[in-house]
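Accompanying notes for the structure given below.
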Amino acid sequence: MVRRIASQVHKQASRLTRSGFIKNLPAWYQAVLDHPPLPLPPREPPSRTSYDTKPPKQTLAAAPKKAQGPHRPLPVSYVEDEIRRQFFRDHPFESFRPRTITEAGTIEEEHPVRGLQWTRLFQRSRNPSSEDAVQFALNLHEAHGLTLSDAYATSIAQFRTLRAVQQVSTRFAALGATAFGARFGPSETTRGHEAENRMLEANELRTERLDDSARLDRRRWRMDDAADRNAWSRGEEYVRLWKEGVRPDYSPALTEPISPLSKFDLAASADFMGTRNRGPTVRP
């Protein structure tokens, strides 16, 4: 049987009985006829608790509410979302820190330090994350009864203190390791700068090659001013050279191969000052 609304189940059973699809009436049929279910109110909004609803803003004059559609979902708001949004607004670079999002086979158990026992942020970690700061502010607000502003200010102050201690400790540890002979590789920032410099150098070389090729093209196809511009050989000179087997060479003179020197040229170049057959020079 197709799923129906509760107030229409007995009607559907009555139609199936009249059509002969159901031979015997169900045992609950007469009871439902005697005590029919209450009809649902038309377009009734779902009931919501105050746990996940956004608290109303306190204003001097309440503005008239706009009539919302009957099927429009109601907004969902949590206190930790407001704290998290304010945290990343004050610390935008915390979103660039690497963080694993791999899910294990089971749900991670809640930390044993919580509620009234959690009074300091370092009780969970000496190097807290952004989520630790958000949860600590929420715990101060719900468990210790602090206002949201005081809880957030306390959490942020302890978060910044622990981050400063961790940064100073890391820096002095690196200095001590360097003093004992340790050598650290380039940082991620240095690697990024090196990659950027390599790309810039490659672009400069590519631009120089393009400029050289353009310069050679201008030199290769330079117009001859001495030639008669009005005369046109109709390609007869080109056809004549082609029939004689002469292949045209359009490469510039700079790229032509250098012909090797003979042994006579080498002998002449060795005595270019003419001092080989000259006798000894006598000074007065």
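Side chains are part of it too, since the values below use all heavy atoms of this structure and drop only hydrogens, waters and symmetry mates. Residue numbers count from 1 along this sequence.
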Is a side-chain N or O of [X] found less than 3.5 angstrom from the main chain of [Y], in a donor-acceptor match?
{"X": "Tyr152", "Y": "Gln86", "value": "yes"}
{"X": "His111", "Y": "Val113", "value": "yes"}
{"X": "Gln158", "Y": "Ser155", "value": "no"}
{"X": "Gln123", "Y": "Gln117", "value": "yes"}
{"X": "Ser169", "Y": "Gln166", "value": "no"}
{"X": "His91", "Y": "Phe87", "value": "yes"}
{"X": "Asp150", "Y": "Leu146", "value": "no"}
{"X": "Ser14", "Y": "His10", "value": "no"}
{"X": "Asp81", "Y": "Ser77", "value": "no"}

Just do the side chain to side chain contact (heavy atoms under 4.5 Å, CB included) check on Leu148 and Val79 with the steps written out, would you? CA-CA 9 Å; Leu148 194 58; Val79 180; 3.8 Å; yes
Looking only at non-hydrogen atoms, find the nearest pair between [X] and [Y] and report the distance.
{"X": "Ala151", "Y": "Leu140", "result": "CB-CB, 3.7 Å"}
{"X": "Asp132", "Y": "Ser125", "result": "OD2-CB, 4.4 Å"}
{"X": "Ser130", "Y": "Phe88", "result": "OG-CZ, 3.6 Å"}

How about Thr147 and His141: do any of their side-chain heavy atoms sit closer than 4.5 Å?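 They are not in contact (no side-chain heavy atoms under 4.5 Å apart), so the answer is no.
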Would you say that Thr17 contacts Lys23 through its side chain, given a criterion of any heavy-atom pair below 4.5 Å between the two side chains? no
Is it the case that over 12 heavy atoms from other parts of the model lie below 6.0 angstrom from the CZ atom of Phe184?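 Count over threshold, so yes.
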So how far is it from [X] [atom1] to [Y] [atom2], rounded to the nearest 0.5 Å?
{"X": "His193", "Y": "Leu200", "atom1": "NE2", "atom2": "CG", "value": "11.0 Å"}
{"X": "His144", "Y": "Asn139", "atom1": "NE2", "atom2": "CG", "value": "5.0 Å"}
{"X": "Thr178", "Y": "Arg183", "atom1": "OG1", "atom2": "CZ", "value": "7.0 Å"}
{"X": "Arg84", "Y": "Leu138", "atom1": "CZ", "atom2": "CG", "value": "9.0 Å"}

Regarding Ser187 and Thr190, do their side chains bring together a donor and an acceptor under 3.5 Å, going by distance alone? yes
Indicate whether the side chain of Gln30 and that of Asp34 have a donor and an acceptor atom separated by less than 3.5 Å. yes
Which is it for Arg114 and Gln135 under the side chain to side chain contact (heavy atoms under 4.5 Å, CB included) test, yes or no, and what are the steps along the way? CA-CA 10 Å; Arg114 60 181 183 274; Gln135 294 300 326; over 6 Å; no
Check the pair Gln8, Gln12 against side chain to side chain contact (heavy atoms under 4.5 Å, CB included), reporting the backbone distance first and the verdict last. CA-CA 6 Å; Gln8 298 179 358; Gln12 180 68 11; 5.9 Å; no
Applying salt bridge (Lys or Arg N to Asp or Glu O under 4.0 Å), which residue pairs with at least one partner in residues 85-96 are found, sequence neighbours left out?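 Residue pairs with at least one partner in residues 85-96: Glu82-Arg85, Glu94-Arg97, Glu94-Arg163.
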Kindly determine whether Thr161 and Phe159 satisfy side chain to side chain contact (heavy atoms under 4.5 Å, CB included), including the steps that lead there. CA-CA 5 Å; Thr161 302; Phe159 173 79; over 6 Å; no
Does the distance from a Lys or Arg side-chain N to an Asp or Glu carboxylate O, for Glu236 and Arg240, drop under 4.0 Å?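 Salt bridge: no.
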Please report the C-alpha distance between Arg198 and Glu201 in whole Å, then the side-chain angles of each, then the deciding distance to 0.1 Å, and finally whether the salt bridge (charged side-chain N to carboxylate O under 4.0 Å, His left out) criterion is met. CA-CA 5 Å; Arg198 288 194 299 268; Glu201 292 176 359; over 6 Å; no
For Phe136, give me all partners under ring-ring contact (aromatic ring centres under 6.0 Å, His included), at least two apart in sequence or on another chain.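 By the ring-ring contact (aromatic ring centres under 6.0 Å, His included) rule, Phe136 matches Trp118.
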Establish whether Leu121 and Val165 are linked, either directly or via other cluster members, by ILVMFWY side-chain heavy-atom contacts under 4.5 Å. no
